Amino acid sequence: MTKTESATLRPDSLDPAWLLPSLSGLLRTWLPRQRWFAGKGRPVTDLVLLSVTELRPDCLHLLVRAEYPELSASGTSRAAPVRDCYQLILGFGEFLMPRHHTAVLGRVREGPLTGLLVYDALHDPRSASLLLDRLRTPGTAGALRFERDGAVTIPAGLPPRLLEAEQSNSSLVYGDAYILKLFRRVRPGINPDLEVPWALARQGCTRVLAPVAWFRTSSPWAATLGVLQPFLRGADDGWTQALAALAAGREFTEEADEMGQATAEVHLALAAAFPVESQGPPRSERLAAGMQERLRDALHAVPELLPYAAGLRSAFTEAAALDSPRPAQRIHGDLHLGQVLRAERQWHVIDFEGEPARPLPERRRVQSPVRDVAGMLRSFDYAAHARRPWRPEWALRCREAYCAGYAAVAGWDPRSEPELLRAYETDRAVYEVLYEARHRPDWLPVPMAAISRLAERPGLRRLIP
Ligand SMILES: Nc1ncnc2c1ncn2[C@@H]1O[C@H](COP(=O)(O)OP(=O)(O)O)[C@@H](O)[C@H]1O
Ligand SMILES: O=P(O)(O)O[C@H]1O[C@H](CO)[C@@H](O[C@H]2O[C@H](CO)[C@@H](O)[C@H](O)[C@H]2O)[C@H](O)[C@H]1O
């Protein structure tokens with residue numbers, strides 16, 4: 001990397017009245033290309049600057065509200081546009097890093113900043129280090145507040161690198177000792193990815209990594225913006241390991257069994273750390289109504305789902321007739337193979353953010369633990385369908401092993417509630433269809449294969465993937 005002189009923003013640079021117009025054209029082109037931007041491939045129809053904070057004269061922290069049309073099966077969007085708030089940390093000045101040309105938004109073409117190069121400052125080691133420095137020494141910058149666990153001392157000077165994983169957010173790794181996740185899509189409220197691991201670690205749960213520092217904002221509303229956790233050096237996630245096993249023609253049942261045990265341990269710790277539903281078991285009717293509603297939304301957005309609608313609905317109708325004996329409790333909310341990391345032969349569970357598209361109050365609500373189990377079962381299926389030849393029997397064995405491991409620790413077997421499991425798997429597959437349509441259209445056939453199976457075998461009782 002070569003860095004030439006970096007321009008300094010003028011003192012009036014924080015004035016939203018002209019800052020946003022200067023950046024607007026660049027953001028409209030750059031945002032839809034980002035992996036974490038939910039409106040991928042759709043035009044940004046409006047941008048509002050919600051807050052701007054100077055981190056350094058040539059580095060700004062921004063919260064920007066982007067508006068884009070909702071996905072619509074008809075192509076003509078009659079649905080209300082989506083309005084999401086995104087966290088950006090932008091650098092201004094010359095930035096030459098050819099490997100990371102996606103980091104560059106471009107040159108400002110109008111207003112007082114004309115000619116200035118704008119880039120995603122997370123790619124700039126100076127800005128990445130600045131963030132760690134702020135987290136090491138608690139304090140404020142405008143509406144931003146940096147905080148840390150007083151019992152932990154974070155060393156200075158750890159070299160930063162931006163993680164190049166397929167992510168919904170952006171993460172910086174410091175000296176292979178800590179990882180800072182910056183939430184890209186910001187919602188009002190405390191993010192469960194801070195709240196949950198913090199509470200679980202205090203329960204003595206060794207399956208999670210306790211947050212050591214975090215930062216939040218109070219403007220335009222209170223929200224968590226980033227969390228720093230210990231980095232598990234040399235760990236592989238479950239997805240990478242499952243694909244490696246498949247490629248080598250190996251079974252993955254031992255790992256799946258241990259993963260089931262880890263999930264159950266986390267569920268037990270969650271039930272101890274947070275209130276469980278005091279009104280008795282979750283009301284299946286209400287639950288199924290929520291699933292039907294999500295299906296309706298997905299049908300509106302993804303036309304490929306329409307032929308399966310009746311079959312999918314039947315999964316929810318069947319579940320509505322039952323009442324699960326399982327009390328509702330806090331859960332992970334988006335459990336899949338990418339959310340478990342294996343280090344020193346032990347699985348750790350990460351990313352308690354829940355499904356990023358849902359509002360935070362919904363993600364923080366108590367739910368059935370079967371939702372998490374179904375998420376992981378779907379993930380074995382994803383792995384088995386990620387490459388040709390498809391290996392559904394491999395997935396079936398993983399799914400059985402995972403449930404057995406779960407049952408051994410939790411004291412109840414998810415397979416004993418097949419209707420509920422099917423409903424949650426169907427709900428998850430519908431979510432995945434929507435997720436892939438929005439973020440990775442090339443992947444759509446994977447959840448669609450499950451949709452066709454789940455819809456066409458309404459009487460299914462086995463764990464056939
Ligand atoms: N504590 C950690 N130690 C090592 N790697 C981690 C850790 N936390 C996250 N990662 C890596 O970062 C990736 C993205 O993290 P994740 O929390 O899932 O972010 P996102 O919500 O953006 O998808 C994970 O798949 C994993 O490879
Ligand atoms: O990145 P997040 O952890 O926030 O989760 C989102 O992205 C996941 C993909 O990266 C997506 O997971 C889906 O694809 C996985 C394979 O890449 C597969 O293991 C999961 O089973 C499947 O759901 C997840 O749904 C989404 O919320």
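Computed from heavy atoms alone, side chains included, the values below leave out hydrogens, waters and symmetry copies. Indexing begins at 1, ligand by ligand and atom by atom, following the structure's order. Here the structure is a predicted model, which means the values were calculated and not measured.
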Determine the interplanar angle of the Trp30 and Trp36 rings, folded into 0 to 90°, and report it as parallel if under 30°, tilted if 30 to 60°, perpendicular if over 60°. perpendicular
Listing request: all side-chain hydrogen bond (donor to acceptor under 3.5 Å, both in side chains) pairs with a residue in residues 221-239, at least two apart in sequence or in separate chains. Asp237-Thr240
Hey, could you give me each pair passing side-chain hydrogen bond (donor to acceptor under 3.5 Å, both in side chains) that has a residue in residues 288-299? Not counting sequence neighbours. Arg294-Asp427
Starting from atom 27 (O) of ligand 2, locate the nearest protein heavy atom and write down its residue, its atom name and how far away it is, to 0.1 Å. Tyr431 OH, 2.6 Å
Looking only at protein heavy atoms, identify the closest one to atom 10 (O) of ligand 2 and say how far it is in Å. Arg35 NH2, 3.3 Å
With respect to atom 25 (O) of ligand 2, which of Glu355, Arg440, Arg428 exhibits the smallest heavy-atom separation? Arg428
Heavy-atom proximity to atom 23 (O) of ligand 2 ranks first, among Glu432, Arg438, Arg358, for Glu432
Subset of ligand 2 atoms that lie under 4.0 Å from at least one heavy atom of Trp239: 16 (C), 19 (O)
With a cut-off of 4.0 Å, which atoms of ligand 2 are near a heavy atom of Ser379? 18 (C), 19 (O), 20 (C), 21 (O)
For the rings on Trp412 and Tyr406, is their centre-to-centre separation under 6.0 Å? yes
Against ligand 1, does Ala235 come closer than 4.0 Å with any heavy atom? no
Does ligand 1 have any atom sitting under 4.0 Å from a heavy atom of Ser168? yes
